[in-house]
Amino acid sequence: MQQIINNVICDFRDADRVSGRYGSDRHYESLWKTKAGSWFLLHEGNLWDKIINGKWNIFPTTESGAKDFLLKHMKIQDLDNYFPDSYRTA
């Protein structure tokens, strides 16, 4: 899947899905990292949303935003895998 976001061609075919979660309104939210090191949040609604909008909602984020996503949703293993030097075990 390719999309142009903020004048950058983002190719998600080679990106790594870091983590994801289902929201209370049946949407799926996932964090991705491209091979070039860019971070993105992908918000997938239901199929009806896809039909109406014609595409999924993809939002660029920063490394800090990626950490916040993982912390907010208690994805400790993913946090440790992608940011091993950021936190210590008590």
If the condition is side chain to side chain donor-acceptor pair (under 3.5 Å), which residues does S38 pass it with, not counting sequence neighbours? none
Listing, residues 60-68 side-chain donor-acceptor contacts under 3.5 Å, not counting sequence neighbours, or none:
unit_1	atom_1	unit_2	atom_2	d
T62	OG1	S64	N	3.4
T62	OG1	G65	N	3.0
K67	NZ	S86	OG	3.1

Would you list the atom pairs, donor with acceptor, under 3.5 Å between side chains in residues 69-78 and any protein atom, with sequence neighbours excluded?
unit_1	atom_1	unit_2	atom_2	d
H73	ND1	R21	NE	3.0
K75	NZ	G20	O	3.0
Q77	NE2	N81	OD1	3.1
D78	OD2	S19	OG	2.9

Would a 4.5 Å heavy-atom cut-off, applied to side chains only, mark V18 and W32 as touching? no
Would you call the rings of W39 and Y82 parallel, tilted or perpendicular if under 30° counts as parallel and over 60° as perpendicular? perpendicular
Go through the structure and list residues passing salt bridge (charged side-chain N to carboxylate O under 4.0 Å, His left out) with D16, not counting sequence neighbours. K35
